[in-house]
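Atom set for the values below is all heavy atoms of this structure, side chains included, hydrogens, waters and symmetry mates excluded. Remember, it's a predicted structure, so these values are computed and weren't measured experimentally. Counting from 1, the numbers follow the sequence of the chain as shown.
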Amino acid sequence: MKKAKIIFWTTTILIFLFEGVMPALKSQSEMAKEGIRHLGYPEYFGNALVVFKILGVLALIIPQVPRNVKEWAYAGFGFDFIFASISHFAVDGVTFDGFFPLIVLVILAISYIYYHKINQYKNNAL
C-alpha cells in the first residue's frame, strides 16, 4: 500500500506541477501566447485552458474532492493531452512537441491507475 501511495502522489504532483503551477506562472508570457497562436487557437482559448487546468489539478490534489469530480478532471486532462498532440502533429508534423503531451498522458494514466488501487484498498479495508 505504501508503494501505491508513493507512486500515486509522485505522478499526481508531477501533473500538478506541469498542468497547474507552470501554466499559472507562464500563461501570460509572450512565449505562451505565441504558442497558442502558432497552433491556430485564439488567445482567449489559452486563458480558458489555464483556468480549467488549475481547477483540474486542484480536484486531483485535494483529497476531499468527490470521486466523480476527480474522474472528470482525469478525463479532461486526458482529452487535453490527446488534442494537444493532435494539434502539434497537425501544425508542426512529427516532432517532440507532439509526443510530449503523450508522455504526460502516460504519467496521468499511472496516477489514475494508482488512485483507483488506493481507493480499492480503502474499500476492502472497511
Side-chain angles (χ1 to χ4, degrees):
M1 184 60 183
K2 185 176 180 176
K3 175 185 166 188
K5 284 185 177 182
I6 290 170
I7 293 171
F8 167 75
W9 282 110
T10 301
T11 55
T12 305
I13 287 170
L14 285 172
I15 296 297
F16 176 77
L17 294 173
F18 278 127
E19 296 303 310
V21 175
M22 284 177 45
L25 296 176
K26 300 289 185 180
S27 67
Q28 296 305 309
S29 70
E30 196 51 45
M31 187 171 113
K33 290 178 182 179
E34 178 53 36
I36 291 291
R37 277 192 296 273
H38 172 73
L39 294 174
Y41 296 110
E43 189 172 329
Y44 66 83
F45 179 77
N47 294 332
L49 196 58
V50 169
V51 169
F52 286 113
K53 285 181 176 196
I54 292 169
L55 291 173
V57 295
L58 290 174
L60 296 183
I61 207 103
I62 298 171
Q64 293 81 7
V65 172
R67 288 182 186 177
N68 61 336
V69 175
K70 287 183 185 287
E71 291 286 338
W72 278 98
Y74 277 114
F77 281 120
F79 289 126
D80 175 47
F81 300 145
I82 291 167
F83 287 116
S85 285
I86 291 169
S87 294
H88 281 288
F89 289 144
V91 172
D92 299 326
V94 179
T95 65
F96 179 74
D97 288 343
F99 286 104
F100 185 73
L102 297 177
I103 294 166
V104 181
L105 179 63
V106 171
I107 295 169
L108 180 76
I110 294 168
S111 171
Y112 181 78
I113 290 165
Y114 279 89
Y115 167 71
H116 282 288
K117 283 185 180 190
I118 292 167
N119 280 322
Q120 185 178 28
Y121 178 79
K122 285 179 187 176
N123 291 338
N124 290 339
L126 295 177

Cluster check Met1, Ile6: I/L/V/M/F/W/Y, side chain < 4.5 angstrom:
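As far as the 4.5 Å side-chain criterion goes, Ile6 and Met1 are not connected within one cluster.
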Would Val21 end up clustered with Val104 when hydrophobic side chains under 4.5 Å apart are linked, directly or stepwise?
yes
Heavy-atom side-chain proximity of [X] to [Y] below 4.5 angstrom:
{"X": "Thr12", "Y": "Phe16", "result": "no"}
{"X": "Val50", "Y": "Gln28", "result": "no"}
{"X": "Ile103", "Y": "Phe96", "result": "yes"}
{"X": "Val51", "Y": "Asn47", "result": "no"}

Got a second to check how far [X]'s [atom1] is from [Y]'s [atom2], nearest 0.5 Å?
{"X": "Leu55", "Y": "Leu60", "atom1": "CG", "atom2": "CG", "result": "11.0 Å"}
{"X": "Ile82", "Y": "Leu102", "atom1": "CD1", "atom2": "CG", "result": "8.0 Å"}
{"X": "Ile61", "Y": "Lys70", "atom1": "CD1", "atom2": "NZ", "result": "8.0 Å"}
{"X": "Tyr44", "Y": "Leu49", "atom1": "OH", "atom2": "CG", "result": "12.5 Å"}
{"X": "Thr95", "Y": "Phe89", "atom1": "OG1", "atom2": "CZ", "result": "7.0 Å"}
{"X": "Arg37", "Y": "Phe45", "atom1": "CZ", "atom2": "CZ", "result": "15.0 Å"}

Exercise: identify the closest heavy-atom pair between [X] and [Y]:
{"X": "Ala32", "Y": "Ser27", "result": "CB-O, 3.7 Å"}
{"X": "Gly78", "Y": "Leu105", "result": "CA-CD1, 3.8 Å"}
{"X": "Ile107", "Y": "Ile15", "result": "CG2-CD1, 4.0 Å"}
{"X": "Ala59", "Y": "Val69", "result": "CB-CG1, 4.1 Å"}
{"X": "Lys53", "Y": "Phe77", "result": "O-CZ, 3.5 Å"}
{"X": "Ala73", "Y": "Gly56", "result": "CB-O, 3.8 Å"}

Do we see a donor-acceptor contact under 3.5 Å between the side chains of Tyr74 and Ser111?
yes
For Ser87 and Tyr41, which I'm curious about, is there any donor-acceptor pair between the side chains at under 3.5 Å?
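Per modelled atom types, Ser87 and Tyr41 side chains form a pair under 3.5 Å.
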Side-chain donor/acceptor of Ser85 to backbone N/O of Gly98, under 3.5 Å
yes
Asp80 vs Glu19, side-chain contact (heavy atoms from CB on, under 4.5 Å): CA-CA, chis, key distance, verdict:
CA-CA 10 Å; Asp80 175 47; Glu19 296 303 310; 3.6 Å; yes
Let's go through Leu108 and Thr11 carefully: what are the C-alpha distance in whole Å and the side-chain angles of both, what is the deciding distance for side-chain contact (heavy atoms from CB on, under 4.5 Å) to 0.1 Å, and is it a yes or a no?
CA-CA 7 Å; Leu108 180 76; Thr11 55; over 6 Å; no
Would you say the rings of Phe100 and Phe18 are close, in the sense that their centroids are separated by under 6.0 Å?
yes
Axial cation check for Phe8 ring with Lys5, 6.0 Å and 45° limits:
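Not satisfied by the 6.0 Å and 45° rule.
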Might you work through the side-chain contact (heavy atoms from CB on, under 4.5 Å) test for His38 and Val91, ending with a clear yes or no?
CA-CA 8 Å; His38 172 73; Val91 172; 3.5 Å; yes
Between Lys33 and Glu30 (salt bridge meaning N to carboxylate O under 4.0 Å), is one present in this structure?
no
